[in-house]
Amino acid sequence: MTWEAVIGLEVHVQLLTRTKMFCACENRYGGEPNTRTCPVCLGLPGALPALNAEAVAHALRLGHALHATFRPESRFYRKQYFYPDLPKGYQITQGAVAVVEEGWIEIPGDASVRGAEGPVRIRIERAHLEEDAGKSIHDADPEHTLVDLNRAGVPLLEIVGAPDLRSAQEASDYLKTLHHLVVYLGLSDGNMEEGSLRCDANISLRRQGETRFGTRVEIKNLNSFRYLRQALDYEIQRQRQLLERGELLTQETRGWDAQSGETRSQRSKEAAMDYRYFPEPDLPPLVLSEDEIAHIGGTMAELPATRKQRFQTEYALSPYEAEMLMQTRAFADYFEGLARESGQGKAAANWMLGEVSRTLNERAMGIESLALEPSRLAGLLKLVEGGQLNLNTAKETVFPALLESSDSAQAIVERQGLGQVNDRGAIQALVRSVLEANPQPLAQFRGGKTNLRGFFVGQAMKAGDGKVNPRLLNEVLDACLAEGEGRE
Amino acid sequence: MKVTREDVLRCARLTNLSLTEAEIEPMRQDMETLLSHAESLDSLDLDGVEPMYQGLPLALPRREDVPRPGLSQAEALANAPEAERGYFKVPKVL
């Protein structure tokens, strides 16, 4: 029996704003507990919420990036439940009536379940604004819970995906694409260890060809790509075994236990499921004008998918290269700067994915911290392109020197006398002296050991301090070797 | 509208209220009266009438995203029955 997994993700994204959703307390991670609160986020009597304009703008940016529609008028509701880290006793959320609706993103489809290679579109049902709760610490004291309300009221965007994913791999790719998108657009710092992006998964199984959904299970708090994949793979196996035995699944919430590698049923109090939503009387409807929506769209950066496509056509790069260059926005910006200043797209890509990436990895830093501007590196690329410097010297000597100083590549090359030797006469003299100094290998070469040619190239390079133009050297060497034969 | 004893107990649980046995029946009667009163709206023909969510014809004002100092840790914890190392301290949940 073939079963099909049907998966949809709900992703909570903490928005990168300076202040909280409904008050002017700072929105920042960490620090001393309960030092970023006010009467609004503490839920003190009489305090009234005031909506953060930037959070709304971020929601609109995401909507544009998801090709979504916008609700001209949306509302906020109170979702009521009791928990110590929710001081008001309710969360203000847009729920099902959201500012952003009906979008989509494209992910690489999983050929093993789709039957064919190629990208697939995953629909987004909605993205709605809401506020985060505080943080509870349960393990500090056996009888008490400690509560920090610095996070209470931090703006969240909940992105509800349609049940369009068909494998754990697709779910992971979807989350990665979404993560990259929100970080790229500057909507979130995307730090999953700090909880800036959190994920719940809904999953059910059905027979291949069936159009109705099976009984679904929700898995909470899958806050890493690996946990998401592992939990879904485990859950697909578990559900399949139950269904194949003819058992019925229970609609329930389960949690992922990373240590045992299994999902476990979470006891759900039936009463707690009733959140008794009602319209938030302190907040009138959120009204968006066509102008505002268009203005936000017009001031946005080029979307990652579009830019990746453009990299391929404009700079003649492979899809893989374009993808790698898009790893972060700063990295892509640096590449474009380098490509523009050097006039060489392909070489710029090679440098970015070679020496530059290696340096960033070695120093464990982002490109933002690299003390080498694209214009200075472009100077180096131009010297190589112009034949004034060979590529090895550029990589091994000049590039490290660029990183350690603020000099231009030209200045470094001149100071250290690294310029490439392009003088055919000088190279001929060099090659002849190498051949003369090695009569034995030369005789062996003439006797048919043609692989000794590489030996002569190496000797000549060494004799020329690695500065000889390799293309010219090869030409001259071949000419000299052939010439010698003709004489004999 | 009929309200049962179970309805009352369920609402009490959701709202974290502890009702004594003597309070349950009067509460049930009150809820029944309230809901029956609201139910009288059902006799009106409301086809095509938009639900009124808000009393004021006002678009939601927005606040500029500029931080302002809030309360100190001591002020934030001033009303807490118990605190420890800057945290609110509450009976164990989970």
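Chain letters run A, B, ... following the sequence lines, proteins first and then strands; every chain starts at 1.
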Give, as side chain, backbone, both or neither, the part of [X] having an atom under 4.5 angstrom from any heavy atom of chain B.
X         : value
Cys23(A)  : backbone
Phe76(A)  : side chain
Glu280(A) : backbone
Asp85(A)  : neither
Pro285(A) : both
Val40(A)  : neither
Pro142(A) : backbone
Pro284(A) : both
Ala140(A) : side chain
Leu42(A)  : side chain
Tyr77(A)  : side chain
Arg36(A)  : neither

- Part of Glu82(B) within contact of chain A (heavy atom distance under 4.5 Å):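 For Glu82(B), side-chain heavy atoms alone lie under 4.5 Å from chain A.
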- Side chain, backbone, both or neither: which part of Gln73(B) has a non-hydrogen atom closer than 4.5 Å to chain A?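 Both parts, heavy atoms under 4.5 Å.
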Would you check if the side chain of [X] reaches a backbone N or O of [Y] as a donor-acceptor pair within less than 3.5 Å?
X         : Y         : answer
Glu262(A) : Asp257(A) : no
Asp65(B)  : Asn52(A)  : no
Asn223(A) : Cys199(A) : yes

Could you verify whether a donor N or O on one side chain and an acceptor N or O on the other, from [X] and [Y], lie under 3.5 Å apart?
X         : Y         : value
Ser289(A) : Glu292(A) : no
His64(A)  : Arg61(A)  : no
Asp30(B)  : Thr33(B)  : no
Ser265(A) : Glu252(A) : yes

- Item | Interface residue of largest heavy-atom contact number with chain A, from Thr15(B), Leu77(B), Leu71(B), under 4.5 Å |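 Result: the option with the highest number of such pairs is Leu71(B).
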- Message: Is the ring pair Trp256(A)/Tyr227(A) parallel, tilted or perpendicular, if the boundaries are 30 and 60 degrees?
- Response: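 Ring orientation, 0 to 90° scale: tilted.
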- Task: Could you please spell out the steps behind the side-chain contact (heavy atoms from CB on, under 4.5 Å) verdict for Val13(A) and Leu187(A)?
- Result: CA-CA 8 Å; Val13(A) 178; Leu187(A) 309 184; 5.5 Å; no
- Relative to chain B, which of Ala24(A), Gly134(A), Cys38(A) shows the most heavy atom pairs under 4.5 Å?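 Answer, by heavy-atom pair count under 4.5 Å with chain B: Ala24(A).
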- Pick from Ser136(A), Ala55(A), Ala50(A), Ala57(A): which one has the most heavy-atom pairs with chain B under 4.5 Å?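 Greatest number of close heavy-atom pairs with chain B: Ala50(A).
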- Spacing of CD belonging to Glu218(A) relative to CG belonging to Asp200(A), to within rounding of 0.5 Å: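 Reported value, rounded in 0.5 Å steps: 5.0 Å.
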- Item | Gln94(A) and Glu158(A), any side-chain heavy atoms less than 4.5 Å apart |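 No, every pair of side-chain atoms sits at 4.5 Å or beyond.
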